[in-house]
Every structure is written in structure tokens, then in C-alpha cells.
Amino acid sequence: MPELPEVETMRRGIASIVGRRIALATFPKKTRQTITITPRPRTLAGKLVGRFIVAVHRFGKRIAIEFDGTPNCGKQFQPHWLVIEPRMTGLLLLAEPPTPQHVRLDIRLSQPRQQAGPHVAAPTATGRPSKRDSQLVFWDRRGLGTVRFVDKRGLLAACGPDRLGPDALSITGRDFVARLGRSSRAVKVALLDQKAVAGIGNIYAAEILFHAGVDPRTPCRLLTVDRWKRIASVTRHLLAKAIQCEGSTIGDGTYRTADNRSGQFQLYHRVYGQKGMPCHACNGPIERIVQAQRSTFFCPRCQW
DNA sequence: CGTTCAACCTGGGCGC
DNA sequence: TGCGCCCAGGTTGAAC
């Protein structure tokens, strides 16, 4: 599910956890606990409790919650990161999860540190922080997501330049030419390669190539520099617009923002999921083909 | 290098 | 109602 715009929306949606400490971490296992968690859940829970959150990052389609290295409760900590990959159906929520049985990680946060002076944080109606302010949940219906607790080395291995290319939000035509210019792969398949460019998934690859007017089957090495520039420009602008719209909620509506609202960018989709529908530009039928075992939607008249 | 396939999972939709 | 099949936003590793 989540591609760059959805993951960035998640990141922004949970940014209020910065400055809080983890009070409790549990890994519910009502069903078979198949999700990949390293280290093992019991060990990880122990490592998380007491840690202070200093930042929430996004690397491509991954979230990394950063913990500081200050001493706490007599222990000396190194900086660490909780790297979460939502994969197909993972969500980070400050709201009530859609179903209780697919909660994979349940984090209770300590209360925010009181600010000095008269401008303290607004109290809730009850005078206590609400549950929304104190609980962060990783929910994942299919259970394909992963959760890893890593040190600096591990972060580099999981999210470093050996694993992820330049972020799609700032990709340039020059980046594309350097990384894919001599490749014989179909351009749509190449856009999904996270080592080439980080953050593009199946929905946005289709939408980008529609707006760029490029046939998804085109071998990369046949694209001119101007066309790569066009693809890069469309990528930056389309993803920025999708973030403004808080991502795309499609199909069964699994994707939600951290406070449980739908994304809106699906209203702007032009080809994804629209096989047989008339193209917005030429009225011809949108086609669906399969590339690398995944659906590709495009307009054969507008994309060449 | 590249592609293809299977695997990891749950659940919605469809045809019969 | 139920069964069987296909489909789904992602990633990885094996085989060729």
C-alpha cells in the first residue's frame, strides 16, 4: 500500500511523538505472529522501554523513529532507530486501529514534558492527555510489514545509499540518466527499483508515466535526456501534490492517515486501476498489462 | 546484468 | 450460502 506520499503522510501524522518517552511496548499475538520483528519481540520490548524519541524520519517507503543516546535509569544508551516498513497494508496510527487483531506493535508513550512559563500545552477536556496522545500503533492486516530496532550501522544497512537511491521527491533528470540511462529494463519496472530511486510504487509509477507521456514498456536506454528530465519533473510535482492530498486511499480503503482519515489523491488518478475507462486526455481506453508480475495501467495513445 | 517465479499473509470481490 | 479463484499499495531470494 503505502508508497512515498502515504509514508510521508504517516511521518507527519505521528511527528507529535517527538519529545516523548516509551512507557510500554507490547506485541499482541492473537493470530500467528508472522510479522518480521528483530530482535525478538520480548527482547525488543525491553530495549524500547524508557527510550526518548528525538525524531521521526522517512527513508523511501520506510519510517525510522530515532531515539537519543542519553543515559536513563542508570543505563548508557547509544542512539538507535526503530525502522518500520509498512509494505502492503501497514499503518502507523495515533487513532483507534481498524481491527484489534491486526495490531502488531502497541507503544504507550509517557506524557509530554511540561513546558516552563505560561504557554503550556492546551489541556484536554478532562485535564488529562487523551488516549490518542499516548498510544502509537503499528497495524498491518496482511502482516507483510517489518519492524527492526537498529543502531547506526543497522540504519545504514537498512536505509543507506547501498539500499536506497535518491529520494523521489528530489530526484533529477541527471540522477535518472546516471542510474538508469544505460539499462535495458522497461522504464516502469525500473522506477520501482528502490536502489535507483526511493519511494515510487506501483500506483505512482503508472501515474508518473502517464503525465510524462512515456510508454511504460520503453527500455530505459532508449529514453532521451529530455524525456528523463520530464519524468523527474513529473515525479517531484506529482508526489508533492499527492502528499498535499495525504496519499491515495483505494480499493478496500485500508490506507488511513495517522488520525484515521482517507487520503484524497485517488481523486486525481488518471490511469491506475482504470482499465477500459476512457483516457482523460484522448478518450481512448486505458489498458492493463503485466510487467514483472505487477499490473501496469497506461494509455497507449498518450504514452509512447 | 536481467527476468521469472515463489514466498511471505489476509481478505474482498466475483463467477458458479 | 459456500467454494474456488483472482486480485491487492512491497520486498527478497533462488533459479535460470
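Protein chains get the first letters and strands the later ones, always in sequence-line order, with residue 1 at the start of each. Just so it is clear, the values below take in all heavy atoms, side chains as well, and ignore hydrogens, waters and symmetry mates. Model, not experiment: these values are computed from the prediction.
Nucleotide dC9(B) forms a pair with no other nucleotide shown, judged by Watson-Crick or G-U wobble geometry with both contacts under 3.5 Å. Using the Watson-Crick or G-U wobble rule with both distances under 3.5 Å, dG9(C) pairs with nothing in any strand shown.
When heavy atoms are screened at a 4.0 angstrom cut-off, Ser183(A) is found touching the sugar-phosphate backbone but no base atom. Base engagement by Arg141(A) is indicated by at least one non-hydrogen atom pair under 4.0 Å involving a base atom. Within 4.0 Å (heavy atoms only), Thr36(A) reaches no atom of the nucleic acid at all. Contact annotation for Asn202(A): backbone-only contact, meaning every heavy-atom pair under 4.0 Å involves sugar-phosphate atoms and none involves a base. Here Arg163(A) lies in heavy-atom contact (under 4.0 Å) with sugar-phosphate atoms only.
In this structure, the side chain of Glu66(A) does not engage the main chain of Ala55(A) through any donor-acceptor pair within 3.5 Å. No donor-acceptor distance shorter than 3.5 angstrom exists from the side chain of Asp175(A) to the backbone of Arg179(A), with no hydrogens or angles considered.
dC5(B) and dC6(C) have their P atoms separated by 15 Å, given to the nearest Å.
In terms of position on DNA chain C, the residue among Phe297(A) and Arg62(A) whose nearest nucleotide sits closer to the 5' end is Phe297(A). Heavy-atom nearest nucleotides on DNA chain C were determined for Arg148(A) and for Tyr255(A), and the one closer to the 5' end corresponds to Tyr255(A).
Across the protein-nucleic acid pair, Leu4(A) atom CG and dG9(C) atom C1' stand 13 Å apart, rounded to whole Å.
Within the structure, every side-chain polar atom (N or O) of Arg142(A) is placed at least 4.0 Å from both OP1 and OP2 of dG10(C).
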